[in-house]
Amino acid sequence: MEASAARLRLAADPSHDPAPDLNDLLTRVGRGDEDAFADLYDATGSAVFGLARRVIRDPSRAEEVAQEVYIQVWQSAARFDPARGNAKSWLLTLAHRRAVDAVRHDQAATNRENRYDWSSGPDFDEVEETVTITLEHEQVKRCLDGLTNLQREAVTLAYYQGYTYAEVATALDANTATIKTRMRDGIVRLRDCMGVSA
Amino acid sequence: MTIDLHSLMAPYALDALEPDERERFEAHLDQCVDCQLELGGFMATAIRLGDAASHTPPSGLRDRLLAEVSVTPQQRPIVTSLSERRGLRHALPRLAVAAAVLVAAVGVGGFLVERDHAQDERRENLAISAVIGADDVQSVAQTFDVGGSVKMYMSAAEDSAVIFAKDLPRPEDGKVYQVWMIDGSGPTSQGTFETDGQMIMEGVAGADRVAVTVEPKGGSDQPTSPPIATITV
């Protein structure tokens, strides 16, 4: 094991630059490179844990979910095809899906409407106080601010609280078709605001 | 006639679907090149939302992960074979990798590989979407003893069924899985696949059951081995 780690470290050496190419790291993880896995974790751990924590809220549960995400990444990295896309997108998509599944599972017996704070609306402010402020974050906040209240509620209740669109409809006392439309309009507007290519 | 699966795209990108709807949407997605293109932008947008919540993880997590991966085996790469298309245009190699989420996340690029085939298969794809989106759609799933699973969606109104096979162990060299629809007059081949596949079966009204057998490459005219799975229609 040690011998192979040494060999892998040697192989990894040339790409030891400050901003590691995540796709390259993930490809190497797929070949069993534990050093690459450590580098990948160092480069993405805050994003994955932060997203899980945002959705789940309970930090220790979020840590469990982040751990599951990275173990899944380790196990299935060989199936990642860098030609098809972006390692960070893959990680965050996995993390969000798992976080949402966890929060739904954990709260299956809870009346979730009670969790919704009707006085202040979805609390994106909480994101603001706990996150590392980055340029991307400023942009996200600005673009969310550019949505109508109805669009923003529909998008953030789903994405940051893990509500299904049917639950969003119940929480906001609207019908499901309306909520789906608001989500769609909201995403389209965010996409254009963020300059994501359609 | 059909529910509007397209309207589920935004909720899908936000992970706001129930598991069953998620599955139906992903099945639809496999057929819909336009949806894949638009979904790529929606997913990328959702990821920006996700990336805005970063928070330093607890310090112990790194060490625990490194300890765990050192004793955790890895999955092997998936090799997608197009060779099995021969003679059986109904058997589309399933693009969705084990976790459909992977395909959705990495987006559009992966699907474009298959785009050349998309026109040929458009009519068939529409038929598949019609079945999985039909109001009267019913589904039945079965897990194989050998690993992997099949799921079948049926619609009496469309007189059709769609079968999805997923994650079966690769058959021994020179062998494939073959799907049969069985009615009063006996089994009719519906197509073959290696580890993953999907196919549409028309005229299911008279069928009793659907069976999967292991057959020589290229498929057989009639089953030559006992079924490894049978689904009652």
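So you know, we letter chains A, B, ... as the sequences are listed, proteins then strands, and number each from 1. Please read all numbers here as calculations on a predicted model, not as lab measurements.
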Item to check | Distance-only side-chain donor-acceptor flag, B/Glu21 / A/Tyr165, under 3.5 Å | outcome: yes
Item to check | A/Asp42 side chain reached by B/Arg62 side chain, heavy atoms, under 4.5 Å | outcome: yes
Checklist entry - Any donor and acceptor pair, going by atom type alone, linking the side chain of B/Gln74 with main-chain N or O of A/Trp74 inside 3.5 Å? => result yes
Checklist entry - With only heavy atoms counted, which part of A/Leu190 is less than 4.5 Å from chain B, the side chain, the backbone, both or neither? => result both
Checklist entry - With the threshold set at 4.0 Å, does a side-chain nitrogen-carboxylate oxygen contact exist between B/Asp15 and A/Arg104? => result no
Checklist entry - Do B/Arg48 and A/Gln139 come within less than 4.5 Å of each other through their side chains, counting heavy atoms only? => result yes
Item to check | Donor-acceptor under 3.5 Å (A/Tyr159 side chain, B/Ala46 main chain) | outcome: yes
Checklist entry - Can you tell me how far the OG atom of B/Ser7 sits from the CD1 atom of A/Ile179, to the nearest 0.5 Å? => result 12.5 Å
Checklist entry - How many angstroms lie between atom OH of A/Tyr41 and atom CG of B/Leu61, to the nearest 0.5 angstrom? => result 3.5 Å
Checklist entry - By a 4.5 Å heavy-atom criterion (distance strictly below it), what part of A/Val168 contacts chain B: side chain, backbone, both, or neither? => result neither
Item to check | Region of A/Val48 in contact with chain B, defined by heavy-atom distances below 4.5 Å | outcome: neither
Item to check | B/Arg22 side chain near A/Arg97 side chain, heavy-atom distance below 4.5 Å | outcome: yes
Item to check | Distance, nearest 0.5 Å, that separates CG of B/Leu49 from CZ of A/Arg54 | outcome: 11.0 Å
Item to check | Note: A/Glu68-B/Arg64 ion pair, threshold 4.0 Å (strictly below) | outcome: no
Checklist entry - Side-chain contact, heavy-atom cut-off 4.5 Å: A/Ile71 with B/Val69? => result yes
